[in-house]
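Notes follow the structure.
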Amino acid sequence: MESISAFEIIKVGIGPSSSHTMGPWRAASLFLEELPDLDAVVSVTVRLYGSLAKTGLGHGTDVAILMGLSGEDYTLIDAGTIPAKVREIKTKKRLWLGGRRELPFEYARDLIFDGATFLPRHANGVRFEAALRDGVRFARTYYSLGGGFIATETEPVPSTARTIVTPYPCHKAADLARHCQALNLSVSELTYLNEQAWRSRSEIDALALGLWQEIRACVFRGVSRAGYLPGGLRVKRRAAELNRKLLGAAVYASLDEWLDLVRRQPREFVRVNKWISCFALAVNEENASFGRIVTAPTNGAAGVIPAVLLYAWCFVDGFDEDNVIRFLLIAGEIGTLFKKNATLSAAMGGCQAEIGVSSAMAAAGLAEALGGSPEQVLQAAEIAMEHHLGLTCDPVGGLVQIPCIERNSMGAVKAITAANIALESDPAEARVSLDAVIQTMWETARDMNSRYKETAEGGLAMQIPVSLPEC
Ligand code: SF4
């Protein structure tokens, strides 16, 4: 039984896409590691297949490949330096492989977008080929599975020690419910026990609080930046304006002051609803700008969990840091169930695999914080996903902007509604289980036409004709 840590599902990332930016970036880094002799390389070519090729320009796949080949780490890089680095590679037609070997590299010749070919294993394929000094060619093909996960031709590439066996394995939601019932534990407490197979309780807390800090900082950056998003669609950033309207003339000088101010805001439904949108828009505008975000479980859906977390932090009495940690653990654990039994990849399952999963994760996290039993927590996740089934992925211009940014607000609101419905329901009366809805999501994914699976060939992407400049 596969063990996946909650922190593989929720982790620091870089926008705009976990499958089309982070995955290919990781693949390029892995290719560098697998090269027999980096110093013997005389040239490199990269071929993107399927969805990576069709929406790669809008999703920054090319940028990710260039940065990965240059030896950059997306968890460490200053995102503001990326455009200049890419510009330099393109104009000088030179690339520093692994940061140490200078090669000729012509963007238009050596990075090929082959949207007509879908490799049999997955819709997101990328092949790297290096010519070595002695005439030998070294090639590797990788697949980006969504959520930053990648696989080689033969096996998934673990992002942590995947061989770890947790004390209470949960392949299905039913396993989670059974363990909680047998041990009389909450979902968060059970997840703590399993996570301790990877790290100590204090390390878990520190990791979760580190993510919480990243989330708050990302939202704060988002509400502080106005203007238009990159990519050529002329999408206006709205979080900053909404924040300004909601706060009026109030002044603040730091993230903490801003958050304190928001916590003291009136709690009428419409205002709180606007704050939820503001938080979600802020994160996804940062994501669309190649900013640093917390992937949860993907980047396109990275605003849902922050929006629900900040909603709880600001407007739910008594929601403290302990609740934050437990929320993230539960959300991550629910995400692992989707990863194990369905997909986190929009190229495989449409937007139900991104926004739908993030909404289910957030609903579960919130349900426990509001006093839900383990059964109600799982029911909250089920309800949230149930009302995302069939949601397509049709990003206009292949950019993670329309409908992606607003869709995070919708996912957050549905998560809160799902948690509240679950709290007022008797799980014994529920007719659909979380496992059943995950299975349904997977079957719907397999039936979905490829035009609606991150190819920008259907839906809104066809209704709004765009001609994007090369960026
Ligand atoms: S439509 Fe949904 S799945 Fe597709 S890129 Fe946008 S957020 Fe991701």
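One-based numbering, in listed order, for ligands and for the atoms of each. The structure presented is a predicted model; accordingly, all values stated were derived computationally and were not measured.
Side chain to side chain, Thr298 and Glu354 meet the donor-acceptor criterion of an N or O pair below 3.5 Å. Residues Ser289 and Arg237 bring a donor and an acceptor atom of their side chains to less than 3.5 Å of each other. Under the 3.5 Å distance criterion, with hydrogens and angles disregarded, no donor-acceptor pair is assigned to the side chains of Thr191 and Glu333.
For atom 4 (Fe) of ligand 1, the nearest non-hydrogen atom of the protein is Cys393 SG, 2.3 Å. Protein heavy atom in closest approach to atom 8 (Fe) of ligand 1: Glu354 OE1, 2.8 Å. The shortest contact between atom 7 (S) of ligand 1 and any protein heavy atom is with Cys404 CB, 3.5 Å.
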Could you walk me through whether Thr343 and Met441 pass side chain to side chain contact (heavy atoms under 4.5 Å, CB included), step by step? CA-CA 9 Å; Thr343 181; Met441 180 209 139; 4.0 Å; yes
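Counting non-hydrogen atoms of other residues, nucleotides and ligands closer than 6.0 Å to CZ of Arg234 gives a total of 12 or fewer.
Close contacts of ligand 1 with Arg407, meaning ligand atoms under 4.0 Å from a residue heavy atom, involve 1 (S). Close approach of ligand 1 to Ala346 is summarised as follows: ligand atoms under 4.0 Å from at least one heavy atom of the residue are 3 (S).
At least one N, O or S atom of Cys351 sits under 2.8 Å from atom 2 (Fe) of ligand 1.
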